Amino acid sequence: MRAVQVKEFGGPEVLEVVELSVPQPDSGEVVVDVEVADVMFLDSRLRSGWGQDYFQLSLPYVPGGAVGGVVSAVGAQVDPRWLGKRVVTQTAASGIGGGLPIGGYAEKSLAKAATLTEIPVGLTTRQAVALAHDGRTALAVFDRAAVQPGSWVLITAAAGGLGTLLIQLATAAGANVVAAARGAEKLALATRLGAVEVVDYSLAGWEDRVRRITGGGAAVVFDGAGGAIGGAALTAAADKGIFLGYGSAAGDFANGDTEAAAARGVSVLGLFDIVKGEIDWEAIVHRIHTAVIAGDLEVVIGQTFPLDRVEQAHTAIESRSTLGRTVLTIGASL
């Protein structure tokens, strides 16, 4: 089978399409004939060699996490009724921690049977894969924020996969959304999805403009950018507001002055604070799928690349030029 392999850490040019043996499922695993694979910013960072103290990637490895496709083989302890079903899942092994190096950028990949979600009628494989990370996180973050009608909400990295969903969720809840992103194309997308105001955070003083627009600050800040942008967004939170930092599109999580924010009564939550505790993830997945099928939410997939153009996919993500989600098409996707 064809797969993308990383044999050494480096730039997008180290992504190499190679022929590998077809993986065989363990007792609790399945083989998925991959039609669509998710491409994340995290994938590009790991490829560069970042995060080795935590992720411990074993070279060579096949990148990629979420995939969608058809189950073509099952392990001995897996219900055979999964055979032939169209599913979305996380790959069982991506080379992390010394595991089998078969991630999502491959024609066939392994997945734990317990992680399978059957793709419902009315949802495309591309949509299901695009929602695999963003849909779950968007609803978990949104639920935690308890957005109120008429309130001001600031969303950074607003034109990304998560940001585009949060714009729609906050707008549907009756909030006034200020979308922050970089460049006219991204701001136009945010406006189309419901943002009432947009700011370009490549311009100095953008956070001051947000405070003026909102009359002193946003009641809720959804920060998908992180880094210095997230730090600036924290200053645009209203007194006694809530700041939810879940992203690192700028290179790392937000690095703002949390002591100053606390003095203003701002609640600051990171991703692990948001997702800890009792969350019914199965119910969240059902909710996001149902909303998309009903037409209540648009899944923005801005870029689609075939497997042999994976280098361009990573280059696009690293250039910060992408809109919504980026996916690889590998098999015959629906």
Side-chain angles (χ1 to χ4, degrees), residues 1-5 17-40 43 61-97 99-137 161 280-293 299 301 304-308 310 313 325-334:
M1 68 170 187
R2 291 190 310 151
V4 175
Q5 195 172 63
V17 179
V18 299
E19 287 287 335
L20 296 177
S21 299
V22 173
Q24 300 301 311
D26 202 349
S27 60
E29 295 178 335
V30 304
V31 174
V32 177
D33 288 354
V34 180
E35 297 174 352
V36 181
D38 190 22
V39 182
M40 300 180 65
D43 296 346
Y61 76 97
V62 174
V67 298
V70 175
V71 176
S72 61
V74 299
Q77 296 181 9
V78 178
D79 189 335
R81 286 179 293 183
W82 279 111
L83 283 169
K85 289 191 180 293
R86 195 166 60 103
V87 300
V88 61
T89 185
Q90 300 289 331
T91 54
S94 59
I96 296 174
L100 292 172
I102 305 296
Y105 297 7
E107 290 180 324
K108 294 178 181 288
S109 195
L110 293 172
K112 300 290 186 184
T115 68
L116 300 177
T117 297
E118 186 172 2
I119 300 175
V121 174
L123 195 70
T124 70
T125 305
R126 295 187 192 192
Q127 288 173 323
V129 170
L131 291 168
H133 294 107
D134 290 343
R136 289 159 49 98
T137 306
D280 188 339
W281 291 110
E282 186 175 345
I284 279 184
V285 170
H286 177 73
R287 281 171 58 198
I288 201 77
H289 286 179
T290 300
V292 172
I293 292 169
V299 181
I301 301 173
T304 301
F305 297 89
L307 187 68
D308 57 6
V310 64
R325 206 68 189 164
T326 302
V327 299
L328 296 177
T329 52
I330 299 172
S333 63
L334 300 174

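Computed from a prediction, not measured in an experiment: that's the story for all the values here.
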Can you tell me how far the [atom1] atom of [X] sits from the [atom2] atom of [Y], to the nearest 0.5 Å?
X      : Y      : atom1 : atom2 : value
Ile119 : Arg86  : CD1   : CZ    : 4.5 Å
Leu110 : Thr91  : CG    : OG1   : 8.5 Å
Ile293 : Leu123 : CD1   : CG    : 5.0 Å

Does [X] reach the side chain of [Y], with side-chain heavy atoms less than 4.5 Å apart?
X      : Y      : result
Leu116 : Trp82  : yes
Val129 : Arg325 : no
Tyr105 : Val39  : yes
Leu307 : Arg2   : yes
Arg287 : Arg136 : no
Thr117 : Thr89  : no
Ile301 : Val299 : yes
Pro23  : Met1   : yes

- Of all residues at least two apart in sequence or in a different chain, which pass the side-chain hydrogen bond (donor to acceptor under 3.5 Å, both in side chains) check with His133? Asp38, Gln90
- Message: Going by the rule side-chain hydrogen bond (donor to acceptor under 3.5 Å, both in side chains), which residues pair with Thr304 if we only count those two or more places apart in sequence or in a different chain?
- Response: none
Nearest non-hydrogen partners of [X] and [Y], listed with the distance:
X      : Y      : value
Gly104 : Ile330 : O-CD1, 3.8 Å
Lys108 : Val31  : CB-CG1, 4.0 Å
Pro306 : Leu328 : O-CD2, 3.9 Å
Gly135 : Ile284 : O-CG2, 4.4 Å

- Could you go step by step and tell me if Glu35 and Val70 meet the side chain to side chain contact (heavy atoms under 4.5 Å, CB included) rule? CA-CA 8 Å; Glu35 297 174 352; Val70 175; 3.7 Å; yes
Answer yes or no: is there a donor N or O on one side and an acceptor on the other, between the side chain of [X] and the main chain of [Y], under 3.5 Å?
X      : Y      : result
Thr115 : Lys112 : yes
Asp280 : Ala283 : yes
Asp43  : Met40  : yes

- Message: Between Val67 and Val88, is the side chain to side chain contact (heavy atoms under 4.5 Å, CB included) condition met? List the steps.
- Response: CA-CA 6 Å; Val67 298; Val88 61; over 6 Å; no
Distance-only donor-acceptor hits, side chain of residues 71-81, under 3.5 Å, sequence neighbours excluded:
residue	atom	partner	partner atom	Å
Ser72	OG	Asp33	OD1	2.9
Asp79	OD1	Arg81	N	2.9
Asp79	OD1	Arg81	NE	3.3
Asp79	OD2	Arg81	NE	3.0
Asp79	OD2	Arg81	NH2	2.8

